Number of protein chains: 4
Amino acid sequence: MPTKRKVNLGPSAGPANRAALIAAAREVFAESGFMAPLSAVARRAQVGQGSLYRHFPDRIALAVAVFDDNITALETLAELSDSTLVDLFDSVAQQVIASTALIDMIISERDQRAEHLATRMTAVAAALLARDQDQGRIAATVEPADVMLAIGMLASLLSRTPVAERMESATRARAIFRAAFVPRAP
Amino acid sequence: MPTKRKVNLGPSAGPANRAALIAAAREVFAESGFMAPLSAVARRAQVGQGSLYRHFPDRIALAVAVFDDNITALETLAELSDSTLVDLFDSVAQQVIASTALIDMIISERDQRAEHLATRMTAVAAALLARDQDQGRIAATVEPADVMLAIGMLASLLSRTPVAERMESATRARAIFRAAFVPRAP
Amino acid sequence: MPTKRKVNLGPSAGPANRAALIAAAREVFAESGFMAPLSAVARRAQVGQGSLYRHFPDRIALAVAVFDDNITALETLAELSDSTLVDLFDSVAQQVIASTALIDMIISERDQRAEHLATRMTAVAAALLARDQDQGRIAATVEPADVMLAIGMLASLLSRTPVAERMESATRARAIFRAAFVPRAP
Amino acid sequence: MPTKRKVNLGPSAGPANRAALIAAAREVFAESGFMAPLSAVARRAQVGQGSLYRHFPDRIALAVAVFDDNITALETLAELSDSTLVDLFDSVAQQVIASTALIDMIISERDQRAEHLATRMTAVAAALLARDQDQGRIAATVEPADVMLAIGMLASLLSRTPVAERMESATRARAIFRAAFVPRAP
DNA sequence: TATGAATGAGCCTTCATTCAT
DNA sequence: CATGAATGAAGGCTCATTCAT
């Protein structure tokens, strides 16, 4: 009465699966948002659900793995000597235009790991802010929290905007924030 | 085929139930967002699921009933002769601090009824914008779409911010938008 | 806090409601079959659901009231001196082409009242059969049960055939049964 | 968000469940017709509803699995060199006496998969008809559509006949159709 | 007596999570 | 260590039936 199994390729492709899961999750999160069914991730990665759970015991673990790259990209940006806050806005907007789920998570999850990503992002913002203020591009009264809030608002908005309208909204929002942050009297 | 019953207190409280449903929905939406389970609304209203569906055949019908009040409050605000865009921001922030779901719906639903609420809100924004620009309080370059975008960002952000931090975020955001919209050279 | 009611026209239109319910049920059964929601009947009759239940405590009671007319039409047919079994087939087919639910009920319900209608229908069949056999139009070996079975099959089939194809199926089926019942060697 | 669990005996009986579901569905369809609640199938198979949906994503998928055997049996019958239309009627009757739902589905579903079964059944009928006509057992005027109609009527009727009376009805119906299809003058 | 709101059982469907192989 | 089937808890929705007014 029992069964028939497929094949068990053994532990050969151990971390290959992990990578496949991350890639699949990136796509799935981008298409269907942070709350997309995890089974869809496993399916797209051609991996058993069990393996998904072994590598990433919960949704956040998976999301953190996915979004670490995004944050790293921002950090890299901050290290360029000529990057500005405007670049940061643009980068974030770019990321969110492509995938909505990072901000979904950063804003809504109280989980340690999500907050860690948020912290790294804040550091990026603070670094760029200081540099811009030094060079008189941004008003001295602006605080890092303002920048993070602006980023949060930008991203949160874009994350709920239909894909087709995201670009336009991003442009308009960027103009608003630039106006808000530019120094007053020349 | 028949069904067993427990008690049936009858339709004595006909529209009282309707009111209870709206009140419950306001709370549930505030706590859990626009996608909160409707069964939770029925439960909190102490009402059968069937009654909920009789009164409000779908989620949007319920939401519209809940949020009509909010929009009406904004319209009333716009009619006061001395109200300003800042007042509008504050009102929206106030509302969103209390309940998150109105903007959830306005941003994400393409439904006629949701768009009707959005339209009314836009009208309020446009009226106040015109008045503020006449009196030199807001730069002439600002367009209604900018105002709506700002409101959307504000609300979208607050809607994902944990309740405890909403007030602070709202204050900071208001300052940002004021800075962005104020006229430049005096 | 309580209520507002509509109007209560009193017991003025007592049996008018009953008639409206029967008419509405005839339409609803025709459109949606024997298992159509009773609430749809009440709605179409512009009558409260309670009234429906007062007049017809269950689905069968309502159906019997509706279909009594159909059976009566068949009985009237049988009383015409020149009517034949073929006429009966045609009449049943006609009725079923229009509304499917009578046979649904006769075949599937074991309820007394449904069987009463079946009995009357059988009497009609027997009368016509006897007459046809007297005149040599139908083989002497055919029994009333054969006729009822043929009617049942015809009707049961039509009741499940998409409306557009019913006419064609009815014609073909009639030919089959005629071939089956005609006397053999002339 | 998580879920509580009782026991999980694992997927040891993987395809055993599938078989149990088919068996259960055969019984449930036989007892309650094609529209019987799928939850009843899961319950009778002692299987979670989720498993039912995994194996058979919709009602038709389940029905096709159940009825494929039936059609296969008919096809096998047609391949026997000495089988006749009468055998086909008897086989169909036999099957329908046991389970009602096959014809329910073939008649009422416009779904691809249901029509595929219908097509196979028609092929069987046409093959047997040709052979019977060759050997003079069936009138040359009879067309495959007549046979299918007869089968449809037979099955449709039986499908609505209480189990106890099915055998008798089947016998009588077979006699009728034989009479209808036999060649006329010897 | 008529009304129509309220009830709640039950069906369908989706998913997170577990676990035998 | 990977697999993928099994589980069952929700949630959405529909309807038959009751009952205060």
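A note on names: the letters A, B, ... follow the listed sequences, proteins ahead of strands, and every chain is numbered from 1. Keep in mind that this is a model prediction, so the values were computed, not measured.
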Partner set under side chain to side chain contact (heavy atoms under 4.5 Å, CB included) for [X], not counting sequence neighbours:
| X | result |
| --- | --- |
| C:Ala98 | none |
| D:Ser51 | D:Val47 |
| B:Asp68 | B:Thr72, B:Leu117, B:Arg120 |
| D:Tyr53 | D:Leu38, D:Gln49 |

Distance in angstrom units between [X] [atom1] and [N] [atom2], rounded:
| X | N | atom1 | atom2 | answer |
| --- | --- | --- | --- | --- |
| B:Asp58 | F:dG11 | CG | C1' | 15 Å |
| D:Phe56 | E:dT13 | CZ | P | 15 Å |
| D:Ile60 | E:dC12 | CD1 | P | 14 Å |
| B:Tyr53 | F:dG11 | OH | P | 11 Å |
| B:Met35 | F:dA10 | CE | C1' | 14 Å |
| A:Leu38 | F:dG4 | CG | C1' | 15 Å |
| D:His55 | F:dG4 | NE2 | C1' | 11 Å |
| D:Asn17 | E:dA20 | CG | P | 15 Å |

Interface with DNA chain F, restricted to residues 40-52 of chain A and to heavy atoms under 4.0 Å: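 Residues of residues 40-52 of chain A that come under 4.0 Å of DNA chain F are, in numerical order, A:Val47, A:Gly48, A:Gln49, A:Gly50, A:Ser51.
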C:Arg54 vs D:Pro37, nearer the 5' end of DNA chain E by closest nucleotide: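 Taking each residue's closest nucleotide, the earlier one in sequence belongs to C:Arg54.
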With sequence neighbours excluded, residues passing salt bridge (Lys or Arg N to Asp or Glu O under 4.0 Å) with A:Arg59: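 Expected list: none.
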For B:Arg113, salt bridge (Lys or Arg N to Asp or Glu O under 4.0 Å) partners two or more places apart: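 Scan of B:Arg113 (salt bridge (Lys or Arg N to Asp or Glu O under 4.0 Å), adjacent residues dropped) gives B:Asp58, B:Asp111.
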Side chains of residues 27-34 of chain A: which donor-acceptor pairs under 3.5 Å do they make with residues two or more places apart or in other chains?
unit_1, atom_1, unit_2, atom_2, d
A:Glu27, OE1, A:Arg44, NH1, 2.7
A:Glu31, OE1, A:Arg44, NH2, 2.9
A:Glu31, OE2, A:Arg44, NH1, 3.2

Secondary-structure stems for DNA chain E, with pairs counted as Watson-Crick or G-U when both distances are under 3.5 Å and runs at least 3 long: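 Stems for DNA chain E, defined as runs of 3 or more consecutive pairs: E:2-21 with F:2-21.
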